[in-house]
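These numbers were taken from a predicted model, which means no experiment stands behind them. Numbers here simply count residues along the sequence, with the first being 1.
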Amino acid sequence: MKNKNLPDNAIEISRLSKEYKGVGGAKNLLALNSIDLKIPRGSMFGLLGPNGAGKSTFINILAGLTVKTSGKAVVWGFDLDKNPRSVRASLGVVPQEIYVDPFFSPKETLHQQAGMYGVLPKDRNVDFLLKTLDLEDKADSYTRTLSGGMKRRLLVAKSMVHRPPILILDEPTAGVDIELRQQLWTYIRKLNEYGTTIILTTHYLEEAEELCDTIAIVDNGKIVRCAPTQEILNDADSKSLIVKPMDGLKDLNPALKEMGAIIDKDDNIIIGYNPKNETSRDILRKVEESGLSVRDFSVSGASLETVFLSITSKK
Ligand code: ADP
């Protein structure tokens with residue numbers, strides 16, 4: 001949405017590089033190699049890449065924890081070189097490791113953090129955050145009595161006390177079981193619906209696929225692909241049409257065999273196709289023309305995993 005008071009892009013990066021100096025004769029390491037990136041305001045943006053790709057380096061530069069070697073970073077309209085404090089105020093960063101002081105309650109933890117950012121008590125959104133992240137019931141309990149999932153949510157709340165328009169999560173669900181992961185996603189989505197631009201790094205493909213509207217694939221310090229998630233998924237050159245025949249089927253007719261169809265263990269007919277050349281409708285029409293009565297059908301898309309492997313292996 002256009003709004004003349006707000007930047008169109010939450011983050012704009014141009015030719016950003018980071019070279020770590022080798023110590024004791026070791027070679028220098030180019031962790032970020034002249035990357036360009038625009039992250040639209042309001043998006044749910046995923047930086048996806050294998051370990052060592054450069055994701056944390058990128059985030060640490062924005063968060064002011066690592067100094068870039070060259071290039072430009074503009075966060076919420078503020079240039080990192082000219083206005084580092086405004087950049088910092090525009091970002092909430094949720095670290096990977098869970099550390100919360102065990103002897104304070106969630107409410108106290110959030111008030112303390114707000115104090116550190118100089119947010120006056122009357123301007124604090126502590127109660128809103130406790131409610132949004134479902135921590136109200138535990139607001140006054142010792143933090144050490146919180147479950148792992150609640151502690152993670154408290155870290156998210158902590159990073160939001162100064163009302164940053166951008167929230168960065170570094171591997172938010174590393175080592176978290178699937179149920180907790182889903183739960184955390186729900187809260188992250190909620191914050192996004194309230195208008196926060198979300199940036200997350202992950203090496204879980206399904207996390208990026210499930211959560212992000214746009215994905216940048218990072219490999220070896222470079223952005224190798226950046227596009228809406230659906231577009232990246234459409235890159236894949238293999239999809240399958242799964243057809244349930246009306247009547248039981250013992251054998252495939254010659255036309256189906258010609259199309260490379262196979263029968264799976266549940267007696268479904270599976271036909272692989274390249275979505276760049278044909279649509280699922282084309283395939284379905286051919287199946288019906290072969291004389292088969294179709295009871296039901298579905299399309300299975302390529303997974304991000306397939307796309308990811310094909311992109312990162314083309315180095
Ligand atoms: P990711 O977060 O994608 O796993 P990182 O940004 O942590 O990747 O690392 C990118 C590369 O930079 C890796 O090769 C890593 O070993 C190297 N690196 C990261 N931090 C430092 C550092 N402080 N000093 C030297 N090399 C580093």
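In the displayed structure, E258 atom CD is contacted under 6.0 Å by at most 12 heavy atoms of other residues, nucleotides or ligands.
A donor-acceptor pair shorter than 3.5 Å cannot be found between the side chains of Y20 and T66.
The shortest side-chain heavy-atom distance between L37 and F58 falls under the 4.5 Å cut-off. In this structure, V119 and V161 have side chains that are not in contact, with every pair of non-hydrogen atoms separated by 4.5 Å or more. Two residues are said to be in side-chain contact when any heavy atoms from C-beta on lie closer than 4.5 Å; L110 and N125 fail this criterion. Taking the side chain as every heavy atom from C-beta outward, D170 and V93 never approach each other to under 4.5 Å.
Remark: the backbone N or O of G22 is paired with a side-chain donor or acceptor of N28 at under 3.5 angstrom. For the pair T214 (side chain) and F45 (backbone), a donor-acceptor distance under 3.5 Å is absent. Panel note: side chain R295, backbone K244; no donor-acceptor pair is recorded below 3.5 Å. Judged by distance alone, the side chain of S34 and the main-chain N or O of S17 form no donor-acceptor pair under 3.5 Å. For E108 (side chain) and S105 (main-chain N/O), a donor-acceptor pair under 3.5 Å exists by modelled atom type. Judged purely by atom type and a 3.5 angstrom limit, T196 has no side-chain atom pairing as donor or acceptor with the backbone of N192.
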Checklist entry - Does the pair N253 and S290 meet the rule for a side chain to side chain donor-acceptor pair (under 3.5 Å), with working shown? => result CA-CA 7 Å; N253 64 43; S290 81; 3.1 Å; yes
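The heavy-atom pair separating R153 from L135 by the smallest distance is C-CD1, 4.0 Å. Residues P165 and S90 share a closest heavy-atom pair of CD-O, 3.2 Å.
In this view, K38 and N9, E12 satisfy the side-chain contact (heavy atoms from CB on, under 4.5 Å) rule, not counting sequence neighbours. Every residue two or more places apart in sequence or in another chain that forms a side-chain contact (heavy atoms from CB on, under 4.5 Å) with R88 is listed here: Y117.
A side chain to side chain donor-acceptor pair (under 3.5 Å) check over residues 130-139, counting only residues at least two apart or in different chains, returns the pairs D134-Y187.
Using a 4.0 Å cut-off between charged side-chain N and carboxylate O, K68 and E19 make no salt bridge. Salt-bridge annotation for D81 and K72: absent, with no side-chain N of the basic residue lying under 4.0 Å from a carboxylate O of the acidic one.
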